[in-house]
There are 2 protein chains.
Amino acid sequence: MSKLEDMQNLLNRATALEELQRVTEHLREHYQVNHVVYHWVNSVGERFGCGTYTTDWIDRYLEKDYLHIDPVIHGCFQRFNPVDWKSLDWSSKPARAFMKEAIEFGVGTQGYTIPMRGPNGQFALFTMNHTCSDEDWAAFIDKQQRDLILVAHGFNQRALAMEEGVFPLATPSLSPRELSAMTLLAKGKSRAQAADEMSISEHTLRVYIESARHKLGAMNTTHAVARSLAIGIIVV
Amino acid sequence: MSKLEDMQNLLNRATALEELQRVTEHLREHYQVNHVVYHWVNSVGERFGCGTYTTDWIDRYLEKDYLHIDPVIHGCFQRFNPVDWKSLDWSSKPARAFMKEAIEFGVGTQGYTIPMRGPNGQFALFTMNHTCSDEDWAAFIDKQQRDLILVAHGFNQRALAMEEGVFPLATPSLSPRELSAMTLLAKGKSRAQAADEMSISEHTLRVYIESARHKLGAMNTTHAVARSLAIGIIVV
DNA sequence: TTTCTACTCCCCAGAAATAGCGAGGCCGGA
DNA sequence: TCCGGCCTCGCTATTTCTGGGGAGTAGAAA
């Protein structure tokens, strides 16, 4: 039994954010790296995180709205596979300034981040970073890659399980015609065009949009389509 | 070197659908199961698949539009973690009829499906199924779980890499104000409300929406917001 | 059987979005 | 320095959407 499996067991029993936090600390010990962080955006846009960053750095990050500068966030949003920080675009001036400041706060110069996406638009990142040479880091990643993916998945499963406790997965169910309507609108069709494609009158189409809107608790058509996409009941 | 690692290497070199197909066949041999299937919906809603199902079954599946009945699809859309088919809801009449027919076409009675989500709304499923007892299947899954997750990831990485060849990831870049506008609209705000929140005149807001629309190649506001969400440049 | 949901169609008035036109200031890169 | 992108504001006319109100069918569930 490796230490890692012990940690996975610990992870699988975690039911609160503090327990995930503790796992990140154990992982840091185990891998002997600067930091281990897991954070995510849930289905209603709230952000959560746990990890070994100092509160100073987290406060700084939030205060300066680095979410919109951090190339790791940008890069991971565009990718499925894990991302080595070296492969990201650090060419812009704010990005470099951000990196410089991060290092001052103890963040490693080398980093590896695994993006994950869940139902209802959930998006999460599992990051490990360290200060060492490119070669050492490459060797480390090469060796641990698989384990890191599995650990990251473990984190996300627990996080999603915690959410289900809070948001009991009340996905509104739209009828087939309502879904078609939402899909066509999401594709940019006007009501007239959508009605035409569905071979119904525009009046009828409007009824579907309305009822979909009500089911989704949306303020207007755009909102309804946005929610449909976000909760994954339609795909463009 | 296990056989599995050989297969992962094979997978990592795959550049076309046929090669993925071949890997599914190898996996079926290796694990001695009825079927191995990987299929996905890409960023523009096109569907692709490869695996060991018979063409008869695939044709039947498409013909009867089973995508909208199959509880595996439904269940996986709502989940992040891998799904054992037994844990799904087979209570509805069409679902049971579907399962019965699937078995007639050689699909296993036991199944395990791993859902995956990528950037730009990509959604994929990796499935392994077999006909055996509950106990044997549980033991098999328990033993292979980790490897299956890694293999599934391998498939998805290759599939996404193939897509980038076809859709060169030309993500339009919106200005900060344009992004704010899109985000507020996605949250259900009207133009007046959004303008108010951004502390600008509604006329100005309109300019942002218009320019965002043009950058995104969208037909109307709803379409622009839908695209922004789908390509992941905003989060609700 | 009754009830419920889904699907289809219709009208109207007011609110909102769209498609054009225009203007000026600011900042950063070529 | 000039060009381009970004941010801000204005006008008009037309089209589209929204939010109410109806009403009838069919099929499935209770």
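Proteins get letters first, then strands, A, B, ... in listed order; numbering begins at 1 in each. A quick note: this is a predicted structure, and the numbers were derived from the prediction, not measured.
Regarding A:Arg177, its CZ atom lies at a distance of 14 Å from the P atom of C:dA6, rounded to whole Å. If you take NE2 of B:His203 and P of C:dG20, they are 19 Å apart, rounded to a whole angstrom. Between the CD atom of A:Glu202 and the C1' atom of C:dC7 there is a distance of 17 Å, given to the nearest Å. The separation between B:His214 atom NE2 and C:dT18 atom P is 11 Å, rounded to whole Å. In this structure, A:Asn220 atom CG and C:dT18 atom P are separated by 11 Å, rounded to whole Å. For the pair B:Glu210 CD and C:dA16 C1', the interatomic distance rounds to 13 Å; values are reported in whole Å. Between A:Ile209 atom CD1 and C:dA6 atom C1' the separation is 16 Å, expressed in whole Å. One interatomic measurement links the two molecules: CG of A:Leu205 to C1' of C:dC10, which rounds to 15 Å at whole-angstrom precision.
Counting only heavy atoms from C-beta outward, the side chains of B:Tyr61 and B:Val107 never approach each other to under 4.5 Å. A 4.5 Å side-chain heavy-atom check between B:Tyr112 and B:Gln145 finds at least one atom pair inside the cut-off. Counting only heavy atoms from C-beta outward, the side chains of B:Phe80 and A:His153 approach each other to under 4.5 Å. B:Leu88 is listed as a side-chain neighbour of B:Val83, based on a closest heavy-atom distance under 4.5 Å. Side-chain contact between B:Met219 and A:Ser190: absent, with no pair of heavy atoms (C-beta onward) separated by less than 4.5 Å.
Nucleic acid contact class of A:Arg213 (heavy atoms, under 4.0 Å, all strands): sugar-phosphate only. Within the nucleic acid shown, A:Lys215 comes within 4.0 Å of sugar-phosphate atoms alone, with no base atom in reach, counting heavy atoms only. Residue contacts shown for B:Ser211 are absent, as no nucleic acid heavy atom lies under 4.0 Å away. Residue-level contact check: A:Thr204 touches the bases, meaning some heavy atom is under 4.0 Å from a base atom.
Direction of the helix axis in the helix from C:dT1-D:dA30 to C:dA30-D:dT1 shifts by 60° between the two five-pair termini, rounded to 10°.
When all heavy atoms of A:Leu216 and A:Ser228 are compared, the pair lying nearest together is CD1-OG, 3.3 Å. B:Thr221 and B:Leu185 make their closest contact through CG2-CD1, 3.5 Å (heavy atoms, listed as atom of the first residue, atom of the second, distance).
If you check C:dA17, C:dA19, C:dC10 against the side chain of B:Arg206, the one that comes closest is C:dA19.
Projected onto DNA chain D by closest heavy-atom contact, A:Lys189 and A:Val207 fall at different nucleotides, the more 5' of which corresponds to A:Lys189.
Ring orientation note: the planes of A:Tyr38 and A:Phe155 are tilted relative to one another, at an angle of 30° to 60°.
At C:dC9, one or more side-chain N or O atoms of A:Ser201 fall inside 4.0 Å of OP1 or OP2 (strictly under the cut-off). The shortest distance between the side-chain N/O atoms of B:Ser190 and the OP1/OP2 oxygens of C:dA15 is not below 4.0 Å.
Formation of a donor-acceptor pair under 3.5 Å by the B:Thr52 side chain with backbone atoms of B:Val36 is found in this model.
The pair B:Glu210-B:Arg206 fails the salt-bridge criterion, with no side-chain N (NZ, NE, NH1 or NH2) lying under 4.0 Å from an Asp/Glu carboxylate O.
Think of the region where chain B sits on DNA chain D: with heavy atoms and a 4.0 Å cut, that region ends 5' and 3' at D:dC6 to D:dT12.
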